Amino acid sequence: MEAPRTLSFGILCNGTTFPQWQAAALQLLINNPACKLKLVVVNTNPSPKKNIFKKLFSRTLLFTQYENRFLKIPALKKVDLQQALSQCEVLQATTLKKGKFSHYFSADDIETIKGQELDFIVRFGFGIIKGDILTASKYGVWSYHHGDEIKFRGGPAGFWEIFNRSAVTSAILQQLTPTLDGGKVLKKGYFKTIHHSYPEQLDTLLSQTSSWLLQVALQVAHSNKLPEIPSETKAEKLHKAPGNLAFSWFWVLILVNKIRFKLNNLFKVEIWNIGTLTNTIEEVVEGKKLSIKWLPGHKPQSLTYRADPFVLTEPGREVFLYEKFDYHTHKGHIEAIEHYPLTNTFTQENIIIPPGTHHSYPFAFEYNNTRYCLPENFEANNAVLYLMNKNNDLKKVSVVLGGIPAVDPTLVYHDDTFWLFFTLKNALPNAQLFIYHSATIDGPYEPHILNPVKTDISSARPAGNFFRYKGDLIRPSQNCTHTYGGSLVLNRVVTLSKTDYVEEKLTEVKPFDEEYNKGLHHLSVAGNVLAVDGKKYIFSLSLLLKRLQGK
């Protein structure tokens, strides 16, 4: 992999003190050798005078007081970057206000900025800027908008998504253009709306997007062009801070959502089951009607379930590996069951990895006529690769990910490289996708430069092994928009390299079984054998009592 060229950048800001999420974004840029800070432009516009009478009778008084006095989250904690910013030139700039909101830089300041020959400028201050500043650097001015530009223009960030009961909250990093909210989208992500807590919603939205500036900068450094995110029609309505009545109603919604959230956790018990589809992979991808044969031996009344089935096939025998979860211990272990198609008989369940630390998602595959298993074991903070013999015994090969709580680790061999896909237990495990890569199956594995390569609650988390469809590489993923493991999304891999990753949605597979109709979050393809799982909910008095007792 060739070393990227160094990009020079500048910062538009209101001073050297930043909210923590902005400080983190800037520090990632400053500390990366592919980026060089050359200019800091500080806003010297006088602060607007506050009219006490208008403030007391403001339509947004309640929200303003809440935001200023009570909204305390890590992402908004103030961080002083004076020392980090002291090694470059500083320009004190006063802008000219035109109209109600637009600010323009003076011709002298524009010449000074252009003289630095910047590749891009980060906007963390100055409000709505227009004019020549937008073209004063090679790749323009980059700015965050924490909301879906298609549905929720304006702000406050993350507020109206809760108010309007939107399942998903989005954010974008954009290159500003003269059109308000009409910038070129450089990166976009989708998060699950946290309906029961606005502070948690906002903190997640801000903190989990801090890495985007560096990610886009690295893409530009390697490709010498801006990322191409398809543009969509912008929403017409511009949202503003909520009025006092709307903000009061908002807290009623928060209370109702919090009660619902707590009750769902108390009363609902997820039960998964595994089986094989009677369909072909073509019928799955093309959205045909599906049917399933459940594997024998399932006993949901015992408060255990089976999920995440992987299949290894050979003439006359099919081996199913899966997670066996026990609600009494809240841990999973790995079991196997064998199927003999000629007689349509199954063996008894056989424990492959015994109970201990939590194991799940026993990713099983063959490479060079050798069988391997790479189960999830985030509780041990690692991922271990095993050899697997014909008797389904496992022998440790190597720790492919040490010190990393990987969730649903999934390997694929592509372009002479082993690619390891997973999410992180401690970093939005349902929404952020990470990739590591290695020249050999047993490692060492190196992180992709764009990690997390994807932020999307509807299609990030792995959901089974890669497979080929009409020559394309397909990655199954989970759609956790409304519920964990709600449905499957099959993604076509467009680009997979050490400097880029692009995939696009091919199709969605929704729950189809009459009983297990609340979720579908796994697809394992092994020749003509297609293994899936399904979810339903049951009520358990004993488990409810344990939850009430905090056990």
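Note that this is a predicted model, so its numbers are computed, not measured. We use all heavy atoms of the structure for the numbers below, so side chains are in, but hydrogens, waters and symmetry mates are not.
In this view, Phe418 and Tyr367, Tyr413 satisfy the ring-ring contact (aromatic ring centres under 6.0 Å, His included) rule, not counting sequence neighbours. Legend: residues meeting salt bridge (charged side-chain N to carboxylate O under 4.0 Å, His left out) with Glu508, ordered by chain and number and at least two apart, are Lys505. In terms of the ring-ring contact (aromatic ring centres under 6.0 Å, His included) criterion, Tyr104 has no residue partners (sequence neighbours excluded). Checked against ring-ring contact (aromatic ring centres under 6.0 Å, His included), Trp212 has no partners two or more places apart in sequence or in another chain. Glu446 pairs by the salt bridge (charged side-chain N to carboxylate O under 4.0 Å, His left out) definition with nothing, not counting sequence neighbours. Taking the salt bridge (charged side-chain N to carboxylate O under 4.0 Å, His left out) definition, one finds that Lys535 meets it with Glu270, sequence neighbours left out. For Asp408, the salt bridge (charged side-chain N to carboxylate O under 4.0 Å, His left out) test picks out Arg461, with sequence neighbours left out.
In this structure, Val400 and Leu411 have side chains that are not in contact, with every pair of non-hydrogen atoms separated by 4.5 Å or more. In this structure, Glu376 and Val407 have side chains that are in contact, with non-hydrogen atoms separated by less than 4.5 Å. Between Val168 and Ile457, some side-chain heavy-atom pair lies under the 4.5 Å cut-off. Proximity of Ile110 to Ile133: side-chain heavy atoms (C-beta onward) are separated by under 4.5 Å at one or more points. Contact check for Leu81 versus Leu26: side-chain heavy atoms found under the 4.5 Å cut-off. At least one side-chain heavy atom of Val384 sits less than 4.5 Å from a side-chain heavy atom of Val399. Counting only heavy atoms from C-beta outward, the side chains of Ile435 and Leu496 approach each other to under 4.5 Å. Counting heavy atoms from C-beta outward, Leu450 and Tyr501 have side chains that stay 4.5 Å or more apart.
Side-chain N/O atoms of Thr481 and Asn479 include a donor and acceptor closer than 3.5 Å. With 3.5 Å as the limit, one finds a donor-acceptor pair spanning the side chains of Lys454 and Ser459. With hydrogens and angles left out, the side-chain atoms of Ser497 and Asp500 include no donor and acceptor closer than 3.5 Å. Under the 3.5 Å distance criterion, with hydrogens and angles disregarded, no donor-acceptor pair is assigned to the side chains of His222 and Thr499.
Summarising the geometry of Ala34 relative to Leu218, their closest heavy-atom pair is CB-CD2, 3.7 Å, with the distance given to 0.1 Å. Heavy-atom minimum distance, Ile172 versus Glu149: CG2-OE1, 3.4 Å. Of all the heavy atoms in Thr357 and Asn377, the pair that sits closest is OG1-ND2, 3.1 Å.
Heavy-atom contacts from other residues, nucleotides or ligands closer than 6.0 Å to CD of Gln83 number 12 or fewer. For Gln92, the CD atom sits in a packed shell: over 12 heavy atoms of surrounding residues, nucleotides or ligands are nearer than 6.0 Å. Counting non-hydrogen atoms of other residues, nucleotides and ligands closer than 6.0 Å to NZ of Lys38 gives a total above 12. Residue Lys114 qualifies as enclosed at atom NZ: its count of foreign heavy atoms under 6.0 Å is above 12. Counting non-hydrogen atoms of neighbouring residues, nucleotides and ligands closer than 6.0 angstrom, the NE2 atom of His414 exceeds 12 such neighbours. At most 12 heavy atoms of other shown residues, nucleotides or ligands fall within 6.0 angstrom of atom CG in Leu245.
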Just distance, no hydrogens or angles: give the donor-acceptor pairs under 3.5 Å from side chains in residues 247-258, sequence neighbours left out.
unit_1, atom_1, unit_2, atom_2, d
Ser248, OG, Asn244, O, 2.9
Asn257, OD1, Arg260, NH1, 3.1
Asn257, ND2, His195, O, 3.0
Asn257, ND2, Leu253, O, 3.1
Lys258, NZ, His196, O, 3.1

Can you give the donor-acceptor pairs under 3.5 Å from side chains of residues 8-21 to other protein atoms, not counting sequence neighbours?
unit_1, atom_1, unit_2, atom_2, d
Ser8, OG, Glu117, O, 3.1
Ser8, OG, Asp119, N, 3.4
Ser8, OG, Asp119, OD2, 3.4
Asn14, OD1, Asn43, ND2, 3.1
Asn14, OD1, Phe126, N, 3.2
Thr16, OG1, Asp80, OD1, 3.3

Taking distance alone, no hydrogens or angles, what donor-acceptor pairs closer than 3.5 Å link side-chain atoms of residues 202-209 to residues at least two apart or in another chain?
unit_1, atom_1, unit_2, atom_2, d
Asp203, OD1, Ala75, N, 2.8
Thr204, OG1, Glu200, O, 2.9
Ser207, OG, Asp203, O, 2.6
Gln208, OE1, Gln432, NE2, 3.2
Thr209, OG1, His146, NE2, 3.0
Thr209, OG1, Leu205, O, 3.1
Thr209, OG1, Leu206, O, 2.9

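Aromatic rings from Trp142 and Phe120 are positioned such that their centres are separated by under 6.0 Å. Ring centers of Phe422 and Tyr445: at least 6.0 Å apart, outside the cut-off.
Residues in residues 88-98 take part in no salt bridge (charged side-chain N to carboxylate O under 4.0 Å, His left out) pair, two or more places apart or across chains. Residue pairs meeting the salt bridge (charged side-chain N to carboxylate O under 4.0 Å, His left out) criterion with at least one partner in residues 120-139, sequence neighbours excluded, are absent.
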Derivation and outcome, side-chain contact (heavy atoms from CB on, under 4.5 Å), residues Leu226 and Leu186: CA-CA 7 Å; Leu226 290 172; Leu186 305 177; 4.0 Å; yes
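Going from atom CD1 of Ile474 over to atom CZ of Arg492 covers 7.5 Å, rounded to the nearest 0.5 Å. In this structure, the separation between NZ on Lys184 and OG1 on Thr177 is 11.0 Å, given to the nearest 0.5 Å.
Under a 3.5 Å cut-off, the side chain of Ser170 and the backbone N or O of Tyr190 do not form any donor-acceptor pair. Thr6 places no side-chain N or O within 3.5 Å of a backbone atom of Cys35 that could act as its donor or acceptor partner.
Between Asp148 and Lys188, at least one side-chain nitrogen of the basic residue sits less than 4.0 Å from a carboxylate oxygen of the acidic one, meeting the salt-bridge criterion.
A perpendicular orientation is assigned to the rings of Phe163 and Trp160, their planes being inclined by more than 60° (bins at 30° and 60°).
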